[in-house]
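Ligands are counted one by one from 1 in listed order, and the atoms in each one are counted from 1 as well. Atoms considered below: every heavy atom in the structure, side chains included; atoms not considered: hydrogens, waters and symmetry mates.
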Amino acid sequence: MRKRVLFIASECVPFVKTGGLADVVGSLPKYFDQEAYEVRVIIPNYMCIKTEWKEKMNFVTSFYMDMAWRSQYVGILELEYEGIQYYFIDNEYYFAGDRPYGYIHEDIEKFAFFSKAALSILPIVDYKPDIVHCHDWQTGLVPVYLKDSFHEGEFYANIKSMMTIHNLKFQGSWNIPAVQDATGLNMSYFTSDKLEAFGDANYLKGGIVYADLITTVSRTYAEEIKTPFFGEHLDGLMRARSEFLYGIVNGLDYYEWNPETDSMIYKNYSVDTFRKDKVKNKLELQKELGLEADKKKMLIGIVSRLTDQKGFDLIDCIMDELCQDEVQIVVLGTGEGRYENMFRHYAWKYGGKVAACIYYSDELSHKIYAACDAFLMPSLFEPCGLSQLMSLRYGTLPIVRETGGLKDTVEPYNEFKETGTGFSFTNYNAHEMLGAVRYAESIYYDKKRSWNKMAERAMNADFSWKSSAKQYEELYEKMIPQD
Ligand code: ADP
Ligand code: GLC
C-alpha cells in the first residue's frame, strides 16, 4: 500500500502565495515517487483565493467543531489539481480579508482553529495519513493537538508528525491566557519544556517540541539556527533537538520555472539559445518599465518581500554610489513602508536607470528573472531562498551574501578555475556587497565569454526537487514503523 503523507500549511501555489513557503508546498508534493507515496494537502479557504479556483472546488460537507468554549463551523472543500488532492478548510469568520495574515492576535486564533480543523476532517474524508507534514508556525499546533485531544481515538494513533521550519523568525507568539482561550489546551502545556517561551505561548516551539522529526530548508540554516544570532531565541531548543533536526535544501518547480516554455516572458530561450535570445527579454522589460532601452547595459533585478531579512539597508547605504556605475536596477516587491519608499525615492532620483514596482505580480516576476543579467539578494539571513534558484534557472547570475540557503546554492565565481554560478560576499557590510556587485560588473563588461559560460553553468545546475524529495522520503521512512 502507498504510504500516506498529509501536508498542512497556510499557503500554497497556485491558490495563495505570500512567499517561498507557497512555492514549496505547491510543488514538493508532485515530486514524490507516486507509486510509493500518496500526498494530499490541506490549506485554508481564504476569501482572497481567486474565483477561478473557488469555482473549481467541490463542497464535501460541513460540521461544527468544539474549540475551547466555542463551537465553530468547519466546511470542507476539495479539488484535484495536477494529480494532487487538495482540501480547503472553510470558515468565513476566520479566513475573511484580502490577505492570509493580519494582526497576530487574530492569526493566533485563526491558526489554532485551522490546525485542529485539519486533523478533525480526516476521518470524514476517510484519509488516515502515516505522516502529517507541518509547515511553519501556523501549523505548529498540529503535532501538539495530535498528542493531546486526538491522542485517544484509534484513528489518530500512530500518526507521526514532521515540522518544517521555513523561517525561524516567525514563531506565532502571544500571551498565554489568550492562547489558552483560543486553543483550549490544558494549562499544563504552557511550561518552558512545552509551549512557553519567554513568558508567552509559542506555536512554533510547540511544533518543534512535539514533532517526531524537524527539518529546515537548507543545511547551512540547520546549523545556523543552533547559534544565538540566527536562533531567534530558540537556539537552545534547536541544540536540544539537534538529533532530530535535518536540513534539506528547497527545490524549484522546473515545469513552472522554465525559460524554454514560460508563457509569461517576452521571448523563450534555452541553454543553447540564451546568448542571442535572453537579451530580447531585457529590451522589452526596459521599454515596459521606462528604463533606457539599451541591450548592453547590465540590468540587476530584485524580487522580494521588502523586509529587514533581505538586506535592504545595505542597498540603501550604497545606492547613490552604485547608480554612478553603468547599471540599471529593477525592483519588484512589497513590504515595510520604509523600503517601499526608499525604492520609490531612488526610482524618482535616477529615472531611466532605476525602476521600482511596488506591488505583487507573478507575471512581472517571471519577466524580471528572464530579463536581468544579475539578481541581487544580500540577505541578513536566508533559510533557503527560491528567488536565487529562479535566477539560476533563467541564466541570471545571483549576487548573494553567504548565508543559509544562498551559501548552499550559489557557487561563487572563481576566475582562475572558471567555475561558479554567481557572486557572493561574506560579511553583512554595504561596501563588501558593493565590491561583489562591481566585481560582477567587471566580468559582465570585460569578460563576456566568462560571464556567458557562467550563465550556462547556472542554467545547467540542477535545483529541481529530484534529490531533495528523495531526502524527505528517506526521513518519512525513518518515521513510519516498518512492517
Ligand atoms: P521568502 O519566502 O523569504 O519571501 P523566497 O526567495 O524563498 O523568499 O521566495 C520568495 C518568492 O516570492 C519567490 O517565488 C519570489 O519570486 C516571490 N515574490 C516575492 N515578492 C514578489 C512580488 N512582489 N511579486 C511577485 N512575486 C514575488
Ligand atoms: C521562508 C524563507 C525562505 C525560504 C522559504 C521557503 O519564507 O524566508 O528563505 O526559501 O521560506 O522554504
Side-chain angles (χ1 to χ4, degrees), residues 7 9-14 16-28 99-101 133-139 163-171 204 215-222 224-225 230 232 247-253 256-257 262 264-265 301-312 330-336 339-340 343 355-372 375-394 396 398 400-401 403-410 463 465 468 472:
F7 273 45
S10 58
E11 49 182 280
C12 171
V13 292
V16 56
K17 166 169 168 179
T18 72
L21 168 64
D23 290 308
V24 172
V25 176
S27 55
L28 173 56
R99 58 211 164 108
Y101 317 121
H133 188 159
C134 310
H135 299 266
D136 272 356
W137 77 263
Q138 294 87 346
T139 56
M163 184 81 230
T164 293
I165 303 167
H166 295 264
N167 195 333
L168 193 60
K169 175 115 187 149
F170 304 110
Q171 300 178 2
L204 184 63
T215 69
T216 187
V217 288
S218 68
R219 269 180 195 228
T220 295
Y221 194 60
E224 286 173 340
I225 56 179
F230 294 97
E232 306 287 349
I248 302 179
V249 73
N250 284 335
L252 203 59
D253 190 333
E256 194 197 338
W257 298 95
D262 192 332
M264 296 191 210
I265 66 177
I302 295 172
V303 178
S304 183
R305 289 183 295 117
L306 301 180
T307 69
D308 283 337
Q309 172 188 339
K310 305 290 179 176
F312 293 114
V330 50
V331 181
L332 171 64
T334 58
E336 286 172 33
Y339 295 127
E340 294 189 344
F343 283 118
C357 308
I358 308 301
Y359 48 85
Y360 186 92
S361 164
D362 277 328
E363 184 171 329
L364 185 59
S365 76
H366 282 248
K367 287 177 172 172
I368 291 176
Y369 291 120
C372 290
F375 188 85
L376 184 57
M377 202 165 168
S379 305
L380 174 62
F381 68 93
E382 197 60 71
C384 179
L386 292 171
S387 294
Q388 84 280 13
L389 301 183
M390 292 158 184
S391 304
L392 289 167
R393 176 87 166 134
Y394 284 70
T396 301
V400 302
R401 192 169 94 83
T403 184
L406 298 175
K407 188 171 173 187
D408 295 355
T409 56
V410 178
F463 288 103
W465 273 109
S468 297
Y472 278 111

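At least one heavy atom of Gly385 sits closer than 4.0 Å to an atom of ligand 1. Contact annotation: Lys169 has no heavy atom less than 4.0 Å from any atom of ligand 2. Ligand 1 lies nowhere less than 4.0 angstrom from a heavy atom belonging to Gln388.
In Ser304, the part holding a heavy atom less than 4.0 Å from any atom of ligand 1 is the backbone. Of the heavy atoms in Asp23, none comes closer than 4.0 Å to ligand 2. Looking at Glu11 against ligand 2, nothing comes within 4.0 Å, counting heavy atoms.
Here the side chain of Glu340 pairs no donor or acceptor atom with the backbone of Ile358 at under 3.5 angstrom. Not a single donor-acceptor pair under 3.5 Å links the side chain of Asn167 to the backbone N or O of Asp136. Between the Ser304 side chain and the Gly333 main chain, no donor and acceptor come within less than 3.5 Å of each other. Judged purely by atom type and a 3.5 angstrom limit, Arg401 has no side-chain atom pairing as donor or acceptor with the backbone of Met377. Remark: side-chain polar atoms of Ser379 are not paired, donor with acceptor, to backbone N or O of Gly311 under 3.5 angstrom. A donor-acceptor pair is defined here as one N or O able to donate and one able to accept, closer than 3.5 Å; no such pair exists between the side chain of Thr396 and the backbone of Phe375. Side-chain N or O atoms of Glu232 include none that pairs as donor or acceptor with a backbone N or O of Phe170 at under 3.5 Å.
For atom 22 (C) of ligand 1, the closest non-hydrogen atom of the protein is Tyr360 CD1, 3.4 Å. Lys310 NZ, 3.1 Å is the protein heavy atom nearest to atom 8 (O) of ligand 1. Closest protein heavy atom to atom 2 (C) of ligand 2: His166 O, 3.2 Å. The protein non-hydrogen atom at the shortest distance from atom 10 (O) of ligand 2 is Gly385 N, 2.7 Å. The protein heavy-atom contact nearest to atom 10 (C) of ligand 1 is Gly20 N, 3.6 Å. Nearest protein heavy-atom neighbour of atom 15 (C) of ligand 1: Tyr369 OH, 3.5 Å. Ranking protein heavy atoms by distance to atom 23 (N) of ligand 1, first place goes to Tyr359 O, 2.9 Å. Nearest protein heavy-atom neighbour of atom 24 (N) of ligand 1: Ser361 N, 3.1 Å. Closest to atom 8 (O) of ligand 2 among all protein heavy atoms lies Gln309 NE2, 3.1 Å. In this structure, the protein non-hydrogen atom closest to atom 12 (O) of ligand 1 is Lys17 CE, 3.6 Å. Closest to atom 3 (C) of ligand 2, if we only count protein heavy atoms, is Glu382 OE2, 3.4 Å.
Looking at Pro398 and Leu392, their side chains come closer than 4.5 Å, going by heavy atoms from C-beta outward.
The closest heavy-atom contact to atom 14 (O) of ligand 1, among the options Leu386, Val303, Asp23, Leu21, comes from Asp23. Of the listed residues (Gly20, Gly19, Ser304), the one carrying the non-hydrogen atom nearest atom 5 (C) of ligand 2 is Gly20. Comparing His166, Lys169, Arg305, Glu11 against atom 3 (O) of ligand 1, the shortest heavy-atom distance belongs to Arg305.
Tyr369 and Ser387 are linked by a side-chain donor-acceptor pair at a separation below 3.5 angstrom, with hydrogens and angles left out of the test. Side-chain contact check for Tyr101 and Ser10: at least one donor-acceptor pair (N or O, by modelled atom type) lies under 3.5 Å. A donor-acceptor contact closer than 3.5 angstrom is absent between the side chains of Asp408 and Tyr221. Side-chain polar atoms of Gln388 and Thr409 form a donor-acceptor pair below 3.5 angstrom.
The distance criterion of under 3.5 Å between nitrogen or oxygen atoms is not met by Trp257 with respect to ligand 1. For a threshold of 3.5 Å applied to N or O pairs, the pair formed by Lys310 and ligand 2 contains no separation below that value. When only interatomic distances are considered, the shortest N/O to N/O separation between Met377 and ligand 1 does not fall below 3.5 Å. Here's the thing with Val217: none of its N/O atoms is less than 3.5 angstrom from an N/O atom of ligand 2.
Taking a cut-off of under 4.0 Å to the non-hydrogen atoms of Ser387, the atoms of ligand 1 that pass are 6 (O), 13 (C), 15 (C). Near Arg305, meaning under 4.0 Å from one of its heavy atoms, ligand 2 places the atoms 8 (O). For ligand 2 and Asn167, the ligand atoms under 4.0 Å from any heavy atom of the residue are 8 (O). Close contacts between ligand 2 and Val24 involve ligand atoms 6 (C), 12 (O) [criterion: under 4.0 Å to a heavy atom]. Annotation for ligand 2: atoms under 4.0 Å from non-hydrogen atoms of Leu21 are 5 (C), 6 (C).
Under the 6.0 Å cut-off for aromatic ring centres, Phe230 and Phe381 do not qualify, their centroids lying 6.0 Å or more apart.
Under a cut-off of 6.0 angstrom, the local environment of NZ in Lys169 is sparse, with at most 12 non-hydrogen atoms contributed by other residues, nucleotides or ligands. More than 12 heavy atoms of other residues, nucleotides or ligands shown are found within 6.0 angstrom of CZ on Arg305.
Relative ring orientation between Tyr339 and Phe312 is described as tilted, the plane-to-plane angle lying within the 30° to 60° band.
Of the charged side-chain nitrogens involved, at least one lies within less than 4.0 Å of a carboxylate oxygen, so that Glu382 and Lys310 count as a salt-bridged pair.
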